[in-house]
Amino acid sequence: MAENKEDLYELIYQIVRKIPKGRVTSYGAIAAAIGAKSGARVVGYAMFSAGSAKPKVPAHRVVNRIGLLTGKHHFNPPSKMQELLEKEGVTVKDDKVADFKTRFWDPAVELSM
DNA sequence: AACATGACGTCGC
DNA sequence: AGCGACGCCATGT
């Protein structure tokens, strides 16, 4: 776990890119996976910067802890996020992920952390 | 160089 | 049980 401040965002991007198709995760889970205990926020901030990240990060698979598509408005177009999720097999209802708890992908577990 | 902004989550009252 | 405030990092102007 040798992370420099600059690598912090990079770590987040890598984890997000590892999210399997048809699965979703939460900001808090990623924050915990990288050790950012104080900052689910930091993950959100990183996601904003993800727009400049290369390669592009599948941020549409990242939602808040309740499965709400908080960042959908940041997509292009915003509805693209829900379409992508539904296209991958994730049912989105009212900007929320159906069976979010069931489709939840825990990086701390899947990445054997 | 400093200020402002931006995709959350947890604790306390 | 509902609402408010606090904590954190990076980037752009």
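Protein chains get the first letters and strands the later ones, always in sequence-line order, with residue 1 at the start of each. Computed from a predicted model, the values in this text were never measured in an experiment.
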When we call it a touch if two heavy atoms are under 4.0 Å apart, what does A46(A) touch: a base, just sugar-phosphate, or nothing?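 Counting heavy atoms under 4.0 Å across all strands, no contact is made by A46(A).
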Any salt bridge (charged side-chain N to carboxylate O under 4.0 Å, His left out) involving residues 19-32 of chain A? Give me the pairs, sequence neighbours left out, ordered by first then second residue. none
What is the distance, rounded to the nearest whole Å, between atom [atom1] of [X] and atom [atom2] of [N]?
X      : N       : atom1 : atom2 : answer
I12(A) : dA10(C) : CD1   : C1'   : 10 Å
R41(A) : dG6(B)  : CZ    : C1'   : 9 Å
Y27(A) : dC9(C)  : OH    : C1'   : 16 Å
E10(A) : dC9(C)  : CD    : C1'   : 15 Å
K54(A) : dT11(C) : NZ    : P     : 11 Å
L11(A) : dC9(C)  : CG    : P     : 14 Å
I30(A) : dC8(C)  : CD1   : C1'   : 16 Å

Can you sort out the partners of Y13(A) under side-chain hydrogen bond (donor to acceptor under 3.5 Å, both in side chains), two or more places apart, ordered by chain and number?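 Not a single residue meets the side-chain hydrogen bond (donor to acceptor under 3.5 Å, both in side chains) criterion with Y13(A).
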Quote, to the nearest angstrom, the C1' distance that separates dA10(C) from dT10(B).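 About 22 Å, rounded to a whole number of Å.
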Taking the six-membered ring for Trp, does Y45(A) stack with dG6(B) (centroid gap under 5.5 Å, planes within less than 30°)? yes
Pair listing, ring-ring contact (aromatic ring centres under 6.0 Å, His included) test, anchored in residues 72-91 of chain A, at least two apart: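 Pairs touching residues 72-91 of chain A that pass the test: F48(A)-H74(A).
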Pairing residues for P77(A) by the side chain to side chain contact (heavy atoms under 4.5 Å, CB included) criterion, not counting sequence neighbours: S79(A), K80(A)
Could you work out, with side chain to side chain contact (heavy atoms under 4.5 Å, CB included) as the rule, every residue matching F100(A), not counting sequence neighbours? V24(A), S26(A), V63(A), V97(A), F104(A)
Taking only heavy atoms on the protein side, list every residue of residues 62-95 of chain A lying under 4.0 Å from any atom of DNA chain B, sorted numerically. N64(A), R65(A), G71(A), H74(A), F75(A)
Give the nucleotide from the list dC8(B), dT11(C), dC9(C) with an atom nearest to the side chain of L8(A).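 Given the options dC8(B), dT11(C), dC9(C), the side chain of L8(A) is closest to dC9(C).
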With the side chain of S26(A) defined as its heavy atoms from C-beta on, choose the nearest nucleotide among dC9(C), dG9(B), dC8(B). dG9(B)
Between protein and nucleotides 3-5 of chain B, what N or O pairs are separated by less than 3.5 Å?
none

Is L69(A) close to Q82(A) at the side-chain level, that is, under 4.5 Å between some pair of heavy atoms?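 In contact.
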Under the 3.5 Å rule, do the base of dC9(C) and the side chain of Y9(A) count as making a donor-acceptor pair? yes
Selection residues 95-107 of chain A - residue pairs positive for side-chain hydrogen bond (donor to acceptor under 3.5 Å, both in side chains), sequence neighbours left out: K72(A)-D95(A), D94(A)-K96(A)
Which pairs pass side-chain hydrogen bond (donor to acceptor under 3.5 Å, both in side chains) with one or both residues in residues 51-60 of chain A, sequence neighbours excluded? H60(A)-E88(A)
More than 12 non-hydrogen atoms from neighbouring residues, nucleotides or ligands closer than 6.0 Å to CZ on R65(A), yes or no?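 Open.
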